There are 2 protein chains.
Amino acid sequence: MPVASAPSRRVADRAVDANHPIALLQSNSLPTLVQRELERMILAGDLAAGEQLREVEVAAMLGVSRGPVREAFRALEESGLVHLEKNRGVYVRQIGVHEADEIFELRALLDEFAGRRLAATATAEALAELRAIVAAMDAAASAGDVDAYLAANIGFHDRLVALAGNDKLLRVYRRLVNELHVFRRTSLARGDTLPASTREHHDILKRIAAGDPDGAGRAMRAHVDASRTRMHATWARAGGASPAGAPAAKRRRAAS
Amino acid sequence: MPVASAPSRRVADRAVDANHPIALLQSNSLPTLVQRELERMILAGDLAAGEQLREVEVAAMLGVSRGPVREAFRALEESGLVHLEKNRGVYVRQIGVHEADEIFELRALLDEFAGRRLAATATAEALAELRAIVAAMDAAASAGDVDAYLAANIGFHDRLVALAGNDKLLRVYRRLVNELHVFRRTSLARGDTLPASTREHHDILKRIAAGDPDGAGRAMRAHVDASRTRMHATWARAGGASPAGAPAAKRRRAAS
DNA sequence: TGTTTGCAGATTGTTGACAATCGACAACGC
DNA sequence: GCGTTGTCGATTGTCAACAATCTGCAAACA
């Protein structure tokens, strides 16, 4: 209960803050928290593509019973991050280069749309914000800090799409980016590709700031297509199709 | 076990058909079947937007225990068809006009892409298939059969997108269309809008068959934008924002 | 030696029981 | 009459137990 600070306000008008333990407990169930934690672990690379997640282990690790874990698995499967196979277990999904290509193709479309929209609607505040993110990326590239660069890169694109003002677009986009995250090789950007990537970001920002929808859309698409090309180069250099140790040949039956 | 029909084939080489009861049992769990049935009921309108789904009732209706129902609910929530609220229950989602607008905006983008792709790649078989669907739509429009028209309309767009050849696009598209389905008013197309809609389909097909990506893309976008405009007209005539009887005001807390 | 059979252990799938939460309604007090 | 408190029933959240499935390995057999 909040401490009384204004005698003129009735107790009933003073709701607790959303971060108050009471509110947190009322709005979060175990399956939701398990889902979030597993998603975090998958996106952070703590759980590898193809890795099996055993209910009993996950439940023990998180201190819950198997029920909430099973529920979380169902949600994670629907979001594309894991794959259930009846009677055989749950596996972190593996994304092959073909699927990555499809995601890039879609991303190019969505990023272009966002760029065009922003070129027409961006406020001074939005531009300042994007400039700050690009500056942080520049700093990371200069320092050769690939991890920091990637984090800022993801943040840049996410913010661009968020500023486009279509929430449904943002949700679809985030889901695609999460799936692409599972495609581990794409996250292994190398220091020698950062300069090109950085130039592309500047180009995008310049055209958005100039209020040039056609130019911004083209720059966004060119950037995503170039990222896709860089992905292929990295993939080829790493040896192409590698089953990554997953028991793919053993899993013949359909899911759940 | 399959009946021996060719003595030259070893028993181990004769897998059962995917529709054999053994294969069906091995590849389908109760939560998956529950999910499918509830999804079917929601899309068919058997479960109304805003309607509460009680675990015990659903379990009794489908003859299973609550566990698989709960798991199905998690998947359905992630797919956007229902909404869980901790300690209060599960509700078929309600889509407002703002969200419908966002979906239409996205659809226009995706449909345009599909149209452009098809104009460049469609085979004679694909064109024949699309022509057959458009002919079926014509017949339904002539007969004033709105339901048959809508079914064929959904089939036409789905097939168009499927033929574009990007599986990820198709999955995203289907998810959006399913969500739009929950927006009940859009399914209430009236007989007097069918002629315009029919002309638009013919225009799309003509440009795809002509191998005109720009024209096909424009025609697709124009068609989706016109559908959106018709949606608004229907919405306005029906009285605009109507909470559809859902206990919206009572549900203040966040989901699960 | 290669193949088949049987068994045990690991894991998943489902169910039912108990605990917890919430809303509605009746009873009580001012 | 209105506001507060208490109770009950409906429903959800979680857990543990049991059943079922699958895989790997050892033993038996040809």
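Naming convention: chains lettered A, B, ... in sequence-line order (proteins, then strands); numbering from 1 in each chain. Predicted model only: the values in this text are computed from it and were never measured.
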Out of [options], which has the shortest distance to the side chain of [X]?
X	options	result
A:E55	C:dT15, C:dT12, D:dT14	C:dT12
B:Q26	D:dC22, C:dT12, D:dT12	D:dC22
B:R54	C:dT14, D:dT14, D:dT11	D:dT11
A:S65	D:dT12, C:dG13, D:dT14	D:dT14
A:N87	C:dT14, D:dT12, D:dC22	D:dC22
A:L30	D:dG13, D:dT14, D:dT21	D:dT14

Just how far, in rounded Å, is [atom2] of [N] from [atom1] of [X]?
X	N	atom1	atom2	value
B:R74	D:dT14	CZ	P	8 Å
A:Q52	D:dC22	CD	P	14 Å
B:K86	C:dA20	NZ	C1'	9 Å
B:E77	D:dG13	CD	P	10 Å
B:E85	D:dT11	CD	P	16 Å
B:E71	D:dT12	CD	P	16 Å
A:L84	C:dG13	CG	P	7 Å
B:E57	D:dT12	CD	P	8 Å

Q: Between B:V90 and A:P68, name the one whose nearest nucleotide on DNA chain D is closer to the 5' end.
A: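 In this pair, the answer is B:V90.
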(Q) Quick one: does any side-chain atom of B:D158 pair with a main-chain N or O of B:I154 as donor and acceptor, under 3.5 Å? (A)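 No.
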Are [X] and [Y] linked by a side-chain donor-acceptor pair shorter than 3.5 Å?
X	Y	answer
A:Q35	A:E71	no
B:D167	A:H98	no
B:S227	B:R107	no

Q | A:L25 vs A:V56, nearer the 5' end of DNA chain C by closest nucleotide | A |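 The 5'-side residue here is A:V56.
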Q.
Please compare A:G89 and B:V64 by the position of their nearest nucleotide in DNA chain C and report the one closer to 5'.
A.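 Whichever sits nearer the 5' end wins; that is A:G89.
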**Q.** Any B:R66 side-chain N or O less than 4.0 Å from OP1/OP2 of C:dT15
**A.**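 So the side-chain polar atoms of B:R66 never come under 4.0 Å of the phosphate oxygens OP1 or OP2 of C:dT15.
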Q.
With side-chain contact (heavy atoms from CB on, under 4.5 Å) as the test, pick out the partner of A:V161 among A:V177, A:N166, A:D111.
A.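 Of the listed options, the one satisfying the test is A:D111.
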